[in-house]
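All ligand and atom numbering here is 1-based and tracks the order in the structure.
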Amino acid sequence: MTQDRRDFLKKLGFTAAGLSMARKTIGQTQDGQIVSAPEEYGEFLVESLDHDAYEVNPEILKAMPGSMTVFSRNGWDEARADRPREDIRNKNLVDGEGKNSNQTRLDWALNDGSWVFAHMGGRHNPYLWKADAPSHPQGKWDPADIDMNWKDASISVKHAALFYGASLAGAAKLNPLWIYSDHHAPTNGDRKRCIPVLADGERFGQTDDAWYIPKSMNRVIALAFEEDHHALMNSPGRLASAATGNGYSRMAFTAGCLAEFIRSLGYRAIPAGNGTGLSIPMAIDAGLGELGRNGLLVTPKYGPRVRIAKVITDMPLIADKPIRFGVTEFCEACMTCAHDCPTGSIPTGERTWEGPSPSNSNGTFKWYINPESCFDYNGFSCSNCKRNCPFTKPNNSWLHQMIRKVIEGKIKPLNHIMVTLDQASGYGQQISDSDFWKMDGSTSITAREDMK
Ligand code: SF4
Ligand code: SF4
């Protein structure tokens with residue numbers, strides 16, 4: 001059957017040119033270059049932009065307080081005090097005796113194992129800044145020592161990121177507006193306490209009263225981590241939460257390793273998961289993908305099926321370019337995630353400059369989701385807007401390849417039809433946990449070559 005599909009695609013001219021391993025510039029546009037790079041972008045052609053991917057309104061766009069993220073507000077904001085707090089674990093493992101469909105004891109075990117390294121703390125915390133570490137005895141590494149230039153060195157740093165476990169890596173100049181302006185630091189007596197994050201000087205460190213990020217730390221390496229496709233397709237079941245946790249644990253491991261690699265070369269490094277700043281715009285600046293209607297980074301290779309970490313550094317890396325590959329145009333026609341969101345957290349309308357929640361970061365022209373209603377659903381265990389997105393489907397689908405080619409050609413009127421065809425083919429349906437466990441794992445993210 002697989003061979004039949006390949007033959008079918010070949011007849012349509014859909015594969016041969018796209019599967020070359022090399023990164024090739026194959027055209028010029030007003031905004032940049034058209035690039036083919038199957039290892040990075042799957043079978044998409046992308047437009048590598050000579051300008052920022054964002055439209056921003058400088059009157060509105062300000063650095064977001066970290067204390068205003070929904071995660072922080074859950075700890076101090078009275079407006080969040082009455083949020084639903086159903087004990088999903090107890091409901092399924094005790095009341096349901098571990099037998100409820102998609103929430104069995106086996107599913108929860110996979111979930112629990114997945115999250116182990118995401119939660120590491122103490123001196124083993126991979127997200128430590130190590131700001132007080134002494135300067136490296138051999139000073140800052142110069143790539144010229146081994147006949148490299150900074151372009152080569154930047155590729156080497158991204159190679160190291162992939163070596164440590166990232167699925168995608170890109171470098172960008174750090175936009176200080178993406179760094180949170182404060183940090184929620186509650187004490188026993190003051191659960192609303194916040195401290196400022198000061199990024200306009202040269203001090204580096206974390207004290208009880210403030211965090212300091214030097215202006216010279218003006219680069220960021222954005223890291224994306226593929227989430228297991230079949231586990232994610234179980235959303236909103238427990239296996240999707242396991243896919244999420246697996247991503248968070250790999251984020252922590254890889255960001256921590258990459259930060260230590262950079263420090264060993266004599267440069268400073270701040271590894272971060274969701275903390276310290278907004279991961280999605282940093283990843284977009286670093287050329288990892290576009291923003292979707294679902295409020296998520298949509299990458300060419302994995303769609304929105306990724307988790308994101310980053311490492312901020314003063315290593316003078318050469319920045320990658322932002323990319324465009326038709327996500328905005330496709331999302332304008334496709335409302336799948338908005339229609340299928342169980343909480344109505346995703347807008348069906350046009351893009352706007354501001355969102356409905358105090359936890360939105362306003363000032364860029366985009367679709368704003370409601371992070372509060374999203375968080376409150378199902379014990380914060382939902383990935384439906386990833387499960388249903390046509391970009392999520394791996395490259396083994398002939399139908400999705402056709403959709404992608406339609407996007408590349410920007411034949412907008414067909415997008416509605418193609419989405420309908422994609423759904424009619426069954427894509428986006430929940431995979432039950434029992435079907436997941438019947439698989440032998442050969443198509444998991446650790447064996448992704450089999451998915452092509
Ligand atoms: S994760 Fe679920 S609840 Fe949240 S926006 Fe996506 S579909 Fe909606
Ligand atoms: S489901 Fe459709 S509208 Fe939503 S992010 Fe994916 S392509 Fe865009």
Side-chain angles (χ1 to χ4, degrees), residues 42 44 69-71 74 83-84 86 88 102 227 229 231-245 247-248 274 280 284 289-307 324-351 355-357 359-360 366-394 397 399-400 402-404 406-408 410 412 414-423 425 427-430:
F44 277 117
T69 65
V70 72
F71 301 102
N74 288 343
R83 69 183 185 277
E86 192 179 16
I88 301 272
N102 300 315
E227 293 175 283
H229 181 243
L232 189 128
M233 297 301 283
N234 179 246
S235 174
R238 191 52 40 192
L239 299 177
S241 181
T244 302
Y248 270 98
N274 289 350
I280 292 177
I284 289 172
E290 280 188 70
L291 192 70
R293 179 185 289 277
N294 54 9
L296 300 169
L297 176 75
V298 180
T299 67
K301 198 166 180 182
Y302 308 114
R305 191 168 46 89
V306 292
R307 293 281 154 184
R324 186 160 64 197
F325 61 105
V327 174
T328 301
E329 293 87 341
F330 195 78
C331 289
E332 281 170 354
C334 170
M335 307 266 176
T336 302
C337 57
H339 288 152
D340 291 351
C341 172
T343 59
S345 301
I346 301 172
T348 53
E350 302 293 317
R351 289 179 290 165
S357 160
S359 290
N360 288 124
K366 63 184 182 182
W367 288 286
Y368 287 86
I369 72 147
N370 187 330
E372 293 165 68
S373 51
C374 170
F375 185 96
D376 294 343
Y377 173 66
N378 196 36
F380 190 49
S381 178
C382 177
S383 290
N384 284 9
C385 52
K386 294 185 177 188
R387 188 191 93 196
N388 296 326
C389 178
F391 286 93
T392 289
K393 193 189 283 188
S397 161
L399 184 55
H400 198 204
M402 289 176 69
I403 292 173
R404 291 179 176 191
V406 171
I407 295 163
E408 287 154 13
K410 293 189 170 63
K412 285 173 66 175
L414 278 183
N415 287 344
H416 280 302
I417 299 166
M418 299 313 293
V419 171
T420 307
L421 281 175
D422 200 39
Q423 290 168 337
S425 77
Y427 190 67
Q429 299 296 309
Q430 184 185 36

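- Within the 4.5 Å cutoff, side-chain heavy atoms of Pro356 are placed close to those of Tyr368.
- Protein residues with a heavy atom closer than 4.0 Å to ligand 2 are Arg293, Asn294, Phe330, Cys331, Cys334, Thr336, Cys337, Cys389, Pro390, Phe391, listed by chain and number.
- The structure places CD1 of Ile280 at 9.0 Å from CG of Asn274, a figure rounded to the nearest 0.5 Å.
- Within the 4.5 Å cutoff, side-chain heavy atoms of Pro371 are placed close to those of Ser359.
- Arg83 is linked by a salt bridge (charged side-chain N to carboxylate O under 4.0 Å, His left out) to nothing, counting only residues two or more places apart in sequence or in another chain.
- Set against the non-hydrogen atoms of Pro342, the atoms of ligand 1 under 4.0 Å away are 7 (S).
- Near Cys382, meaning under 4.0 Å from one of its heavy atoms, ligand 1 places the atoms 1 (S), 2 (Fe), 3 (S), 7 (S).
- Defined by atom type and a distance below 3.5 Å, a donor-acceptor pair is missing between the side-chain atoms of Asn388 and Thr336.
- Under a 4.0 Å criterion applied to the non-hydrogen atoms of Thr343, ligand 1 contributes the atoms 3 (S), 8 (Fe).
- Ring pair Phe330/Phe391: centre-to-centre distance below 6.0 Å.
- Proximity of Met335 to Arg293: side-chain heavy atoms (C-beta onward) are separated by under 4.5 Å at one or more points.
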